[in-house]
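Presented below is the structure to which this report refers.
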Amino acid sequence: MQNRTKNILMLAAVVLLALLPLVLIEAEFGGADGAAEEMILTIDPSYEPWFNALVELPGETESMLFALQAALGAGFIGYAAGVLRSKSAKTNSQ
């Protein structure tokens, strides 16, 4: 099987893995913080947080920071994969 065919199949698999849960699972997507807060209030309704955030950011800013964090992580992983691949290519050519 050619590399181009493998790449297309892997890309199709990634797209399917991303889209199938959105299509097949009818659930409300939420963050872990909200789920944890809900669970804590279920266990102890009188619970009061002992610490408040220093700065309350708007939801769009939080989303932007989360996306930036994901982009930086993906960039780091891509860079590391590129470095490892170039080292492997150098080793094989020598």
Side-chain angles (χ1 to χ4, degrees):
M1 188 178 296
Q2 292 182 344
N3 283 341
R4 183 181 172 118
T5 306
K6 287 180 185 177
N7 290 339
I8 291 172
L9 288 175
M10 286 192 300
L11 181 63
V14 168
V15 169
L16 282 176
L17 284 174
L19 290 180
L20 285 178
L22 295 174
V23 173
L24 298 178
I25 298 173
E26 293 182 23
E28 187 173 317
F29 293 97
D33 293 342
E37 182 179 352
E38 186 176 313
M39 181 60 72
I40 289 170
L41 290 176
T42 302
I43 294 170
D44 185 8
S46 64
Y47 175 78
E48 290 185 23
W50 55 273
F51 181 79
N52 290 325
L54 298 175
V55 177
E56 292 287 333
L57 297 174
E60 296 85 13
T61 305
E62 289 179 355
S63 297
M64 188 245 341
L65 290 174
F66 186 75
L68 180 64
Q69 178 185 5
L72 288 173
F76 177 77
I77 290 171
Y79 176 76
V83 167
L84 291 175
R85 184 173 177 175
S86 67
K87 280 185 180 178
S88 175
K90 259 187 191 176
T91 304
N92 290 339
S93 67
Q94 292 177 355

Give every donor-acceptor pair under 3.5 Å between a side-chain atom in residues 60-89 and any protein atom, sequence neighbours left out.
{"unit_1": "Ser63", "atom_1": "OG", "unit_2": "Gly59", "atom_2": "O", "d": "3.1"}
{"unit_1": "Ser86", "atom_1": "OG", "unit_2": "Gly82", "atom_2": "O", "d": "3.3"}
{"unit_1": "Ser86", "atom_1": "OG", "unit_2": "Val83", "atom_2": "O", "d": "2.9"}

If a pair satisfies side-chain hydrogen bond (donor to acceptor under 3.5 Å, both in side chains) and one of its residues is in residues 37-48, list it, with sequence neighbours excluded.
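For residues 37-48: Asp44-Ser46.
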
Rounded at 0.5 Å granularity, tell me how far CG in Leu17 sits from CG in Leu20.
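Going from CG on Leu17 over to CG on Leu20, the span is 7.0 Å.
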
Do you know the tightest heavy-atom contact between Lys90 and Ser93?
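Between these two residues, the closest heavy atoms are O-OG, 3.0 Å.
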
